Amino acid sequence: MSSTPRPSSSRVSATGYTPIGVDLGEKRLVAAAPADADPDEAFVIDGEPLRERYDILVEATEALQGAWFDTTRGEAQVFAAMHQQLRPQLFDAAHRLVRYAGEFATPLLVLEDLSFRGAPLWERRTVEKLGAWLLPALQGAITEVALDAGLPISYVDAEYTSQACHGCAKLGRLEDDVVVCTTDDCPVGAVCRDRSAALTIAGRAAD
Ligand SMILES: [Zn+2]
């Protein structure tokens with residue numbers, strides 16, 4: 001499910017660009033918005049279809065790993081087949097995001113500066129949570145599609161982006177996928193973490 005973007009006269013950074021913050025995750029593959037957007041109007045891509053396919057991969061791999069004979073080859077085939085199916089979904093999400101950003105004047109895509117160190121995709125296939133595999137792959141697809149489209153990318157500090165209130169930048173209280181701002185004079189209140197993070201990320205590039 002995605003929301004309808006409503007680009008308007010958004011805040012332009014000192015460099016003349018309109019920063020579009022992008023938050024990546026499992027529940028919502030993508031949440032994107034300029035810094036001064038209403039969080040409810042952020043562009044969102046639901047992660048459920050991809051999660052379902054990933055669960056199938058994990059189940060199949062675990063079943064093979066439970067066998068008494070060597071299943072390395074079978075596991076590799078399952079992983080390769082599933083990767084073939086997941087990859088188009090990642091690129092579809094990347095294309096939709098780039099199209100959304102393209103509706104703004106002189107857009108600048110702002111991503112979190114995430115360091116994806118550690119095991120390669122193959123080793124992460126079941127031992128780590130989906131995010132460990134998904135987020136580097138999704139960020140890679142977005143980077144590739146954005147560069148192809150001539151859309152500039154900027155990276156900002158990822159610290160506390162999904163805990164900070166996008167309105168006052170103070171850390172809020174976390175309740176499931178909601179962050180509750182407790183600052184007295186801040187009007188934000190409770191807000192979806194992913195949507196708020198997109199605004200915060202955009203704001204860090206606009207500063
Ligand atoms: Zn606040």
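In this text the structure is predicted, and so the values were computed from the model without any measurement. Counting starts at 1 for both ligands and their atoms, in listed order.
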Determine whether more than 12 heavy atoms belonging to other residues, nucleotides or ligands lie under 6.0 Å from atom CG of Asp176.
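Open.
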
Verify the neighbour count for atom CD of Glu175: are there more than 12 heavy atoms of other residues, nucleotides or ligands below 6.0 Å?
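For Glu175, atom CD is crowded (more than 12 foreign heavy atoms under 6.0 Å).
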
Donor-acceptor pair, Arg53 side chain versus Leu86 backbone, under 3.5 Å?
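Checked: no pair found.
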
How wide is the angle at the Zn ion (ligand 1) between SG in Cys168 and SG in Cys165, to the nearest 10°?
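SG of Cys168, the Zn ion (ligand 1) and SG of Cys165 span an angle of about 110°.
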
Quick one: the SG of Cys186, the Zn ion (ligand 1), SG of Cys181 angle, rounded to 10°, please.
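An angle of 110° at the metal.
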
Considering the options Arg193, Arg195, Arg173, which one meets the side chain to side chain contact (heavy atoms under 4.5 Å, CB included) requirement together with Val179?
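The passing option is Arg193.
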
Would you say the Zn ion (ligand 1) has His166 as a near neighbour, meaning an N/O/S atom of that residue under 2.8 Å away?
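His166 does not place any N, O or S atom closer than 2.8 Å to the Zn ion (ligand 1).
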
